S.K.: 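Provided herewith is a single structure, encoded as structure tokens, for subsequent inquiry.
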Amino acid sequence: MALIRRRKPIEPSKTPVQREEGEEEEEEEEDNSKNKHPKKSYKKSKPKWTCLDNCCWFVGCICVTWWTLLFLYNVMPASFPQYVTEAITGPSPDPPGVKLRKEGLKAKHPVVFVPGIVTGGLELWEGHQCADGLFRKRLWGGAFGEVYRRLLVELMPLCWVEHMSLDNETGLDPPGIRIRPACGLVAADYFAPGYFVWAVLIANLARIGYEEKTMYMASYDWRLSFQNTEVRDQTLSRIKSNIELMVATNGGNKAVIIPHSMGALYFLHFMKWVEAPAPMGGGGGPDWCAKHIKAVMNIGGPFLGVPKAVSGLFSAEAKDIAVARAIAPGVLDKDLFGFQTLQHIMRMSRTWDSTMSMIPKGGATIWGDLDWSPEEGYIPIKRKQKNTDTQKASQDGPERKISEIKRANYGRIISFGKDVAEALSSDIERIDFRDAVKGQSIANTSCRDVWTEYHDMGFGGIKAVAEYKVYTAGSILDLLHFVAPKMMERGSAHFSYGIADDLDDPKYQHYKYWSNPLETKLPNAPEMEVFSLYGVGIPTERSYVYKLSPSAECAIPFQIDSSADEQFEDSCLKGGVYTVDGDETVPVLSSGFMCAKGWRGKTRFNPSGSRMYIREYDHYPPTNLLEGRGTQSGAHVDIMGNFALIEDIMRVAAGATGEELGGDQVHSDIFKGLRLEDSGSDSLLTDVLCACACSEHRYSKTR
């Protein structure tokens, strides 16, 4: 049967408007179908942002910002920052070199620079496989960009720590590693690109005729104990030979020595070494210093030590670390890329024997005890800013501070808890830690490669340290011997921290006493001048409030309690740290006491009567970022760019005496209330009263 086909009816043609409406309806239907049945291939999950991403992003931003600013600094005209600064603040004074050249001053006495701790460059001469390709590259200081890229960026920080550490038994080179100090003026002119140390002083001296043959950087490996720099590198012999050569080739003009920071202790050791007979000493004879040295101009010298050294050795902390903990709790204790930050810093720094030279000296007699300290009555007052009108303090201001701010017990260098720091000594119940039984904690057994000694204490030893509650300068040494016996065993062979009963006792001829001004005599050089140059007006670490950190694997058991604060803005307690007047690192007591009293005149510490001068520089921070670190700074390192200090040094190098500079220049109360009882050559240094209490009137003075 034939199929019957139906003819499809012809649809009427659509108008253009109808076509458009139909197309829109079809598109809507397609969109709805897509929404109802989305394809899995188009579904994307939002990436998670981890802590590691945050860290990488933060480090990257810092690096990009730093290198961008450094690039702009190098490409812009040298006069541009000065032009902008003068447009804002007015004409700036001439640098000291320009000023003194106009006055006709010329180079006369050869100059020797003695850098302090961490500011001198160190180079790699032999290392392990991870440091291949870094021969004679800087591992510390200067332009160490290659090392930064290789060791710190390419996930090899442990290699850097391994090379910077010394042997924990000998205090010398570990097997297969040789790190040596850089040589020449470039050894310590800049610590990092753009961060000067000696560069500004060198540039100004060059303006009046100094050059490399009349300037010498006495660089040394600042990690070693002072005597070991001679044992390993013959550094003391090299300094002796260079000074003799410079004096001989400059018409017999004696040298001007300029030590900075720990360099002051190092050169104090040198002056005893050079006159002592061989083999322990240099064999120069008792008149070597009198023949070769015109003046010793110590900058920020920690002659009596610094409390900051105690916190560094005890918990690898200081005020800046405590602040970082408060901002980012736990970050410094985390294991980032296999690198426990503070633990490895402690492991490394506890092998640096030089750090033990700055433990406070003189015990409770100098630094105070539970109920007394030489800074008793110190009240911090806000500093004036330069270029501002001087305003008188209100009548009730000092009374409010005295009545409301709690009395600080600065003699308590370490207190476990704010309540202990403020309590009466009779209310403090203490359990002696010295006879506590140490045990090996399970948590710390796996951390033997992270640090050297805390894992041997165990929870029993840690608890005993905390239960003693408060430590003064008289018990700090016992504490460090308890928590770090290997370190202190090495340190005790090279340094001493007491006060000599009789300086004629033969035992004081040993080199371990030579860097302690309270246990040694200055050279027999009556014409030699000794200066103490340092900044004042900056809160400086003096004592600490500690707490027992939560027990954790590989965690340092003690840390500064950054939550310990006073409610008043002008309080001396901030973030668990009590501060006094100083240069931000060294308190006035340590910088100024010996020149103010211990060495002044003919004393048993200065039998020849070498003349002493104190020159204090009141701190004024820069008014804007374009001033950099400022030209009137009193900070411990930034003072190296202080125009007034540089001018004083240059005048002495050109032939001036301390009297021609104007004698003492004092802003603090370093002379007020000091008393040195001396009833004979065997007397003790006692009754140090109000050594550097900088009362409120010191801040209300106008310049």
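Model, not experiment: these values are computed from the prediction. Side chains are part of it too, since the values below use all heavy atoms of this structure and drop only hydrogens, waters and symmetry mates.
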S.K.: Flag the pair F226 / F270 as yes when their ring centroid distance falls below 6.0 Å, and as no otherwise.
M.R.: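 F226 vs F270: aromatic centres not under 6.0 Å.
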
S.K.: Let me confirm one number: the CE-CD distance from M217 to E212, rounded to the nearest 0.5 Å.
M.R.: 9.5 Å

S.K.: Any ion pair linking D94 and K99 (charged N to carboxylate O, less than 4.0 Å)?
M.R.: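 A salt bridge is absent here (no side-chain N lies under 4.0 Å from a carboxylate O).
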
S.K.: Is the shortest side-chain heavy-atom distance between M358 and I117 below 4.5 Å?
M.R.: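 A side-chain contact exists here, since the closest heavy-atom pair is under 4.5 Å.
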
S.K.: Is it true that H109 and N253 share a donor-acceptor pair across their side chains at a distance under 3.5 Å?
M.R.: no

S.K.: Going by side chain to side chain contact (heavy atoms under 4.5 Å, CB included), name the residues that satisfy it together with E211, two or more places apart in sequence or in a different chain.
M.R.: K213, T214

S.K.: Tell me if a side-chain donor or acceptor on N228 pairs with a main-chain N or O of L224 at a distance below 3.5 Å.
M.R.: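 Checking the backbone N and O of L224 against the side chain of N228, no donor-acceptor pair under 3.5 Å is found.
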
S.K.: Among residues at least two apart in sequence or on other chains, which ones pass side chain to side chain donor-acceptor pair (under 3.5 Å) with E230?
M.R.: S237

S.K.: With rounding to the nearest 0.5 Å, note down the distance linking CG in L313 to CE in M346.
M.R.: 8.5 Å

S.K.: For R350 and N168, does a side-chain donor sit closer than 3.5 Å to a side-chain acceptor?
M.R.: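 Short answer, no.
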
S.K.: Does any non-hydrogen side-chain atom of F531 lie less than 4.5 Å from one of V296?
M.R.: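 No, side chains not in contact.
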
S.K.: Going by ring-ring contact (aromatic ring centres under 6.0 Å, His included), name the residues that satisfy it together with H128, two or more places apart in sequence or in a different chain.
M.R.: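 In terms of ring-ring contact (aromatic ring centres under 6.0 Å, His included), with neighbours along the sequence ignored, H128 is linked to H163.
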
S.K.: Please tell me whether H260 and T119 have a donor and an acceptor in their side chains that are separated by less than 3.5 angstrom.
M.R.: no

S.K.: Do W273 and H269 have their ring centres less than 6.0 Å from each other?
M.R.: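 Ring-ring flag for W273/H269: false, centres at least 6.0 Å apart.
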
S.K.: Taking salt bridge (Lys or Arg N to Asp or Glu O under 4.0 Å) as the test, write out the residues that go with R101, two or more places apart.
M.R.: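 R101 satisfies salt bridge (Lys or Arg N to Asp or Glu O under 4.0 Å) with no residue once adjacent residues are dropped.
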
S.K.: Checking the side chain of S349 only, and the main-chain atoms of I345 only, is there a donor and an acceptor separated by less than 3.5 Å?
M.R.: yes

S.K.: With rounding to the nearest 0.5 angstrom, report the CG to CG distance, N516 to L268.
M.R.: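 Rounded to the nearest 0.5 Å, the CG-CG separation comes out at 8.5 Å.
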
S.K.: Establish, from distance only, whether the side-chain atoms of S225 and H494 form a donor-acceptor pair under 3.5 Å.
M.R.: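 Side chains of S225 and H494: pair found under 3.5 Å.
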
S.K.: What pairs with T235 under side chain to side chain contact (heavy atoms under 4.5 Å, CB included), at least two apart in sequence or on another chain?
M.R.: Y220, T229, D233, I239, Y266

S.K.: Nearest 0.5 Å please: distance from the CG atom of D221 over to the OG atom of S354.
M.R.: 8.0 Å

S.K.: Determine yes or no for a side-chain-to-main-chain donor-acceptor pair under 3.5 angstrom, with D583 supplying the side chain and T585 the backbone.
M.R.: yes

S.K.: Do the side chains of R223 and D353 get nearer than 4.5 Å, heavy atoms only?
M.R.: no

S.K.: Could you pull out the closest heavy-atom pair between S261 and H636, with the gap in Å?
M.R.: OG-NE2, 2.9 Å

S.K.: Strictly below 4.0 Å, N to O, side chains only: are E660 and R651 in salt-bridge contact?
M.R.: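 Not counted as a salt bridge, because no side-chain N and carboxylate O are separated by less than 4.0 Å.
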
S.K.: Can you list the steps and then say if E541 with V306 is a side chain to side chain contact (heavy atoms under 4.5 Å, CB included)?
M.R.: CA-CA 8 Å; E541 296 171 48; V306 288; over 6 Å; no

S.K.: Just jot down the side chain to side chain contact (heavy atoms under 4.5 Å, CB included) partners of A199, sequence neighbours excluded, or say none.
M.R.: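 For A199 the side chain to side chain contact (heavy atoms under 4.5 Å, CB included) partners, ignoring immediate neighbours, are D189, Y190, F196.
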
S.K.: Decide yes or no for V256 and I649: does some side-chain heavy atom of the first lie under 4.5 Å from some side-chain heavy atom of the second?
M.R.: no

S.K.: Got a sec, which residues hit ring-ring contact (aromatic ring centres under 6.0 Å, His included) with W599, two or more places apart in sequence or on another chain?
M.R.: F303

S.K.: Are the side chain of T631 and the backbone N or O of F643 linked by a donor-acceptor pair below 3.5 Å?
M.R.: no

S.K.: What verdict does the salt bridge (charged side-chain N to carboxylate O under 4.0 Å, His left out) test give for K512 and E519, after you've listed the backbone C-alpha separation in whole Å, the side-chain angles of each residue and the deciding distance to 0.1 Å?
M.R.: CA-CA 10 Å; K512 68 181 287 185; E519 293 183 304; over 6 Å; no

S.K.: Could you list the residues that satisfy side chain to side chain donor-acceptor pair (under 3.5 Å) with K272, not counting sequence neighbours?
M.R.: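 Testing K272 for side chain to side chain donor-acceptor pair (under 3.5 Å), a comparison that skips the adjacent residues, returns none.
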
S.K.: Do M650 and N204 pass the side chain to side chain contact (heavy atoms under 4.5 Å, CB included) test, and can you show the C-alpha distance, the side-chain angles, and the key distance before you say yes or no?
M.R.: CA-CA 8 Å; M650 294 180 67; N204 279 278; 3.8 Å; yes

S.K.: Any side-chain donor paired with an acceptor under 3.5 Å for W140 and E123?
M.R.: no

S.K.: Does L124 form a side chain to side chain contact (heavy atoms under 4.5 Å, CB included) with L139? I'd like the steps, not just the answer.
M.R.: CA-CA 6 Å; L124 177 68; L139 290 193; 4.1 Å; yes

S.K.: Starting from the C-alpha separation in whole Å, work towards a yes-or-no answer on side chain to side chain contact (heavy atoms under 4.5 Å, CB included) for V111 and I258.
M.R.: CA-CA 7 Å; V111 172; I258 310 171; 3.5 Å; yes

S.K.: First locate atom CD of Q234, then atom OG of S241, and finally report the distance between them rounded to the nearest 0.5 Å.
M.R.: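 Here the rounded value is 11.0 Å.
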
S.K.: Looking only at heavy atoms, what is the nearest atom pair of P174 and S165, with distance?
M.R.: CG-O, 3.3 Å

S.K.: Report the residues that fulfil side chain to side chain donor-acceptor pair (under 3.5 Å) with K521, sequence neighbours left out, ordered by chain and then residue number.
M.R.: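 K521 satisfies side chain to side chain donor-acceptor pair (under 3.5 Å) with D504 once adjacent residues are dropped.
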
S.K.: Going by heavy atoms in the side chains, are W514 and Q227 under 4.5 Å from each other?
M.R.: yes

S.K.: Does the E317 side chain pair with the main chain of G312, one donor and one acceptor, at a distance under 3.5 Å?
M.R.: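 No; zero donor-acceptor contacts below 3.5 Å.
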
S.K.: Could you list the residues that satisfy side chain to side chain contact (heavy atoms under 4.5 Å, CB included) with E126, not counting sequence neighbours?
M.R.: R178

S.K.: Would you please name every residue forming a ring-ring contact (aromatic ring centres under 6.0 Å, His included) with W198, sequence neighbours left out?
M.R.: F113

S.K.: Judged by atom type as modelled, is there a donor-acceptor pair below 3.5 Å linking the side chain of S311 to the main-chain atoms of K308?
M.R.: yes

S.K.: Hey, are the side chains of M297 and I257 touching, using non-hydrogen atoms and a 4.5 Å cut-off?
M.R.: no

S.K.: Measure from NZ or CZ of R629 to the centre of the six-membered ring of Y195 and say whether it is under 6.0 Å with the direction within 45° of the ring axis.
M.R.: yes

S.K.: Testing the 3.5 Å rule here: is there a donor-acceptor pair between the side chains of D648 and Y613?
M.R.: no

S.K.: Would you call L304 and P517 a side-chain contact if the rule is heavy atoms closer than 4.5 Å?
M.R.: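 Heavy-atom side-chain distance check passes, below 4.5 Å.
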
S.K.: For D173, is there an ion pair with R232 - N to carboxylate O distance below 4.0 angstrom?
M.R.: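 The answer is yes: the pair qualifies as a salt bridge.
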
S.K.: I want to check something: taking the side chain as every heavy atom from C-beta on, are V118 and W222 in contact at a cut-off of under 4.5 Å?
M.R.: yes

S.K.: Nearest 0.5 Å, what's the CD-CG distance between Q665 and L533?
M.R.: 9.5 Å

S.K.: Go through the structure and list residues passing side chain to side chain donor-acceptor pair (under 3.5 Å) with E275, not counting sequence neighbours.
M.R.: none

S.K.: Specify the closest pair of heavy atoms between W288 and H292, including all atoms of both residues, with the distance to one decimal.
M.R.: O-ND1, 2.9 Å

S.K.: Under a plain distance cut-off of 3.5 Å, with no hydrogens placed, do T540 and E584 share a side-chain donor-acceptor pair?
M.R.: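 Not at all, the side chains of E584 and T540 share no donor-acceptor pair under 3.5 Å.
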
S.K.: Quick one: does any side-chain atom of K254 pair with a main-chain N or O of A290 as donor and acceptor, under 3.5 Å?
M.R.: yes

